[in-house]
Amino acid sequence: MFKRILVPFDFSEAATHALQEATRLAAEQGVGLTILHVYHPPEVAEWLNPELVRKVRKNQLDNLERRLSEQAALVLPEQMPRELLLSSG
């Protein structure tokens with residue numbers, strides 16, 4: 001039937017419920033989950049130091065990746081195949 005379930009995730013309560021339901025369905029079907037979070041890169045002034053801008057953006061990505069991993073660990077069974085995706089948009 002299908003191999004993976006794609007779950008958009010924005011850290012809201014509704015998204016957490018959707019992730020829980022998708023986890024249940026994935027377990028029933030024996031498939032994995034792909035959890036996707038779309039973020040907006042921080043707007044920065046053009047006159048800022050490019051190295052500072054790079055650090056700010058990397059820090060944002062690192063924090064989002066950590067939060068997404070923590071949320072997945074809370075909801076998904078350890079043995080369930082998963083993919084965590086961050087995309088800018």
Side-chain angles (χ1 to χ4, degrees):
M1 188 160 167
F2 50 89
K3 296 179 183 178
R4 300 191 78 72
I5 298 173
L6 175 63
V7 184
F9 193 79
D10 64 0
F11 299 100
S12 67
E13 187 175 328
T16 300
H17 287 296
L19 180 58
Q20 291 167 339
E21 185 61 23
T23 300
R24 184 192 62 73
L25 182 60
E28 285 178 4
Q29 298 295 318
V31 299
L33 287 177
T34 299
I35 304 170
L36 170 66
H37 176 75
V38 178
Y39 68 95
H40 302 283
E43 293 185 28
V44 293
E46 292 181 21
W47 52 266
L48 283 176
N49 178 318
E51 182 64 21
L52 176 61
V53 171
R54 187 192 66 73
K55 285 181 181 180
V56 167
R57 289 188 173 148
K58 182 179 181 331
N59 186 49
Q60 181 192 33
L61 280 175
D62 290 346
N63 286 335
L64 286 171
E65 188 174 275
R66 178 187 49 77
R67 289 180 62 204
L68 199 56
S69 293
E70 289 171 353
Q71 189 65 40
L74 288 173
V75 176
L76 278 63
E78 192 173 307
Q79 70 279 8
M80 180 171 284
R82 68 193 73 181
E83 181 179 15
L84 307 178
L85 298 177
L86 292 172
S87 180
S88 65

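Once rounded to the nearest 0.5 Å, the distance linking CD of Glu65 with NZ of Lys58 reads 8.5 Å. Summarising the geometry, atom NZ belonging to Lys55 is positioned 8.5 Å from atom CG belonging to Asn49; distances are rounded to the nearest 0.5 Å. Taking CG from Leu64 and OG from Ser88, the interatomic distance works out to 11.0 Å, rounded to the nearest 0.5 Å.
Using a 4.0 Å cut-off between charged nitrogen and carboxylate oxygen, Glu51 and Arg54 count as a salt-bridge pair. In summary, Asp62 and Arg66 do not engage in a salt bridge, as defined by a charged side-chain N under 4.0 Å from a carboxylate O.
Counting non-hydrogen atoms of other residues, nucleotides and ligands closer than 6.0 Å to CD of Glu13 gives a total of 12 or fewer.
When the side chains of ILVMFWY residues are joined at heavy-atom separations under 4.5 Å, either directly or via intervening members, Leu86 and Leu74 end up in a single hydrophobic cluster.
Side-chain contact check for Thr16 versus Phe11: every heavy-atom pair is 4.5 Å or farther apart.
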Working note: Leu19 + Gln71, criterion side chain to side chain contact (heavy atoms under 4.5 Å, CB included); need CA distance, chi angles, decisive distance, verdict. CA-CA 9 Å; Leu19 180 58; Gln71 189 65 40; 4.3 Å; yes
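Put simply, the side chain of Arg82 gets close to the backbone of Pro77: a donor and an acceptor are under 3.5 Å apart.
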Validation: residues 25-41 side-chain donor-acceptor distances under 3.5 Å, sequence neighbours left out:
| from | atom 1 | to | atom 2 | distance (Å) |
| --- | --- | --- | --- | --- |
| Glu28 | OE1 | Arg24 | NH1 | 3.3 |
| Glu28 | OE2 | Arg24 | NH1 | 2.4 |
| Thr34 | OG1 | Arg4 | NE | 2.8 |
| Thr34 | OG1 | Glu83 | OE1 | 3.4 |
| His37 | ND1 | Phe9 | O | 2.7 |
| His40 | ND1 | Gly89 | O | 2.6 |

